[in-house]
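Here's the structure, in structure tokens; my notes come after.
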Amino acid sequence: MKYFLIETDEKNRIPYNINKNRAIDLRLLTKEDIDRLSMWNVVEMELPMEVFFPDLICSPFVMVSDTIMKTILMYHPDILYRGIKLWHKESGTNASYFISILDEIECLSEETQYNSVGNRIEKPILSQKKIGEAAVFKISGYDKKCIVGRLDFVESILRRGIRGIRLKEVEI
């Protein structure tokens, strides 16, 4: 089975300084604590000129569009999530996203390549046995805030016309 890192394409002029009002406490973004967040949250952001709202924003936490969220629910119907409204105070511009609490799987294999110091992953290599049946997840211990999708999940979101992402195949 093939897997892909799914990231925000940095070439786009996306919102920045998201959560500048600190409406979302990052410590609550776990399965145990997500219930302490409201079902919908308003988060302030800054906008560049000619802003583009991609279907996936990876920073400061992973946010997905309605299209991706519906696709995640097809593969993992019991996933926990909360709605988030990105809002620019001066212009009133806003966009809706979802924060989903994806499983963090310890699936890095022994063949994973690190930098010369050994503190940063240069090339993640996954272990199929550790992944199991997960269609979309995060890699535990991987410092990049991106998600991993199985080939069928990636094809599903691409057929739905998502925009503003970058895909990179990960070795198994």
Side-chain angles (χ1 to χ4, degrees), residues 4-105 119-121 124 134-150 153-168 170:
F4 295 86
L5 284 176
I6 309 170
E7 301 174 299
T8 306
D9 190 347
E10 299 300 325
K11 295 176 185 171
N12 296 316
R13 300 176 55 84
I14 64 172
Y16 62 95
N17 205 8
I18 295 172
N19 201 26
K20 74 180 201 173
N21 61 336
R22 301 193 194 287
I24 301 291
D25 184 348
L26 301 181
R27 296 172 296 183
L28 299 179
L29 299 180
T30 64
K31 286 182 180 181
E32 296 80 26
D33 295 324
I34 190 73
D35 291 333
R36 293 175 52 194
L37 281 177
S38 300
M39 193 59 188
W40 279 96
N41 302 274
V42 177
V43 174
E44 287 186 40
M45 65 176 169
E46 295 293 329
L47 296 177
M49 297 294 279
E50 301 174 15
V51 67
F52 172 75
F53 290 100
D55 283 283
L56 171 70
I57 298 178
C58 293
S59 182
F61 40 83
V62 176
M63 294 169 274
V64 297
S65 68
D66 183 56
T67 304
I68 293 180
M69 191 67 231
K70 286 178 181 173
T71 309
I72 290 172
L73 286 168
M74 286 171 39
Y75 288 87
H76 299 289
D78 57 342
I79 195 129
L80 300 171
Y81 64 93
R82 292 292 182 261
I84 186 168
K85 179 74 79 171
L86 298 182
W87 177 57
H88 186 247
K89 195 176 204 175
E90 289 79 31
S91 69
T93 303
N94 63 74
S96 297
Y97 284 89
F98 293 91
I99 302 170
S100 57
I101 307 301
L102 297 171
D103 288 335
E104 284 195 37
I105 301 175
N119 64 351
R120 181 170 289 140
I121 296 171
V136 58
F137 57 92
K138 292 181 184 177
I139 300 172
S140 180
Y142 190 48
D143 57 348
K144 288 192 176 184
K145 291 181 180 163
C146 60
I147 60 177
V148 177
R150 198 173 57 203
F153 173 79
V154 171
E155 288 174 341
S156 242
I157 60 175
L158 290 175
R159 277 193 302 271
R160 287 165 174 74
I162 65 161
R163 306 173 316 138
I165 66 163
R166 183 174 55 209
L167 297 171
K168 180 180 175 189
V170 184

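These numbers were taken from a predicted model, which means no experiment stands behind them. Count residues from 1 along the sequence.
Atoms CD and CG, on Glu44 and Asn17 in that order, are 9.5 Å from each other to the nearest 0.5 Å. For the atom pair CG of Asn19 and OG of Ser59, the computed distance is 10.5 Å after rounding to the nearest 0.5 Å. Taking CD1 from Ile84 and CD1 from Ile99, the interatomic distance works out to 4.0 Å, rounded to the nearest 0.5 Å. The CD1 atom of Ile157 sits 11.0 Å away from atom CE of Met74, with the distance rounded to the nearest 0.5 Å.
No side-chain heavy atom of Met45 sits less than 4.5 Å from a side-chain heavy atom of Lys20. At least one side-chain heavy atom of Pro15 sits less than 4.5 Å from a side-chain heavy atom of Leu47. Counting heavy atoms from C-beta outward, His88 and Val51 have side chains that stay 4.5 Å or more apart. A heavy-atom distance below 4.5 Å is not found between the side chains of Ile162 and Leu56. Val62 is not listed as a side-chain neighbour of Ser100, based on a closest heavy-atom distance of 4.5 Å or more. Between Leu28 and Leu26 the shortest side-chain heavy-atom distance does not fall below 4.5 Å. At a threshold of 4.5 Å between non-hydrogen side-chain atoms, the residues Asn21 and Trp87 do not count as touching. Side-chain contact between Leu102 and His76 is absent, with no heavy atoms from C-beta onward closer than 4.5 Å.
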Item to complete: Kindly determine whether Thr93 and Phe53 satisfy side-chain contact (heavy atoms from CB on, under 4.5 Å), including the steps that lead there.
Response: CA-CA 11 Å; Thr93 303; Phe53 290 100; 4.0 Å; yes
Item to complete: Apply salt bridge (Lys or Arg N to Asp or Glu O under 4.0 Å) to the pair Lys31 and Asp103, showing each step before the final yes or no.
Response: CA-CA 9 Å; Lys31 286 182 180 181; Asp103 288 335; 2.4 Å; yes
Practice prompt. Determine, stepwise, if the pair Asp25 / Arg27 fulfils salt bridge (Lys or Arg N to Asp or Glu O under 4.0 Å).
Written response: CA-CA 5 Å; Asp25 184 348; Arg27 296 172 296 183; 2.8 Å; yes
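By the side chain to side chain contact (heavy atoms under 4.5 Å, CB included) test, Lys70 is found to be paired with Asp66, residues two or more places apart in sequence or in another chain being considered. Leu167 is linked by a side chain to side chain contact (heavy atoms under 4.5 Å, CB included) to Phe4, Ile6, Val154, Leu158, Ile165, counting only residues two or more places apart in sequence or in another chain. By the side chain to side chain contact (heavy atoms under 4.5 Å, CB included) test, Ser65 pairs with Asp55, Thr67, Ile68, sequence neighbours left out. Under the ring pair (Phe, Tyr, Trp, His ring centres under 6.0 Å) criterion, Tyr16 pairs with no residue at all, not counting sequence neighbours. Among residues two or more places apart in sequence or in another chain, the side chain to side chain contact (heavy atoms under 4.5 Å, CB included) test is passed with Asn41 by Ile24, Leu37, Ser38, Arg82. For Phe153, the ring pair (Phe, Tyr, Trp, His ring centres under 6.0 Å) criterion is met by Tyr75, not counting sequence neighbours.
For the residue pair Arg150 and Ala134, the shortest heavy atom distance occurs at NH1-O, 3.8 Å. Nearest heavy-atom pair across Glu46 and Pro48 is O-CD, 4.2 Å. For Trp40 against Tyr97, the heavy-atom pair with the smallest separation is CZ3-O, 4.0 Å. Taking every heavy atom of both residues into account, Pro54 and Ile57 meet most closely at CG-CG1, 3.8 Å. Considering all non-hydrogen atoms of both residues, Cys146 and Lys138 come closest at O-CG, 4.0 Å. For the pair Glu104 and Ser140, the tightest heavy-atom approach, listed with the atom from each and the gap, is OE1-CA, 3.9 Å.
Checked options Thr8, Ile147, Val64; the residue passing with Cys58 is Thr8 (criterion: side chain to side chain contact (heavy atoms under 4.5 Å, CB included)). Each of Ile34, Thr30, Leu29 was checked for a side chain to side chain contact (heavy atoms under 4.5 Å, CB included) with Leu80, and the lone residue meeting it is Ile34.
Other residues, nucleotides and ligands place no more than 12 heavy atoms under 6.0 Å from the OH atom of Tyr81. For Glu90, the CD atom is densely surrounded, since the number of other residues' heavy atoms within 6.0 Å is greater than 12.
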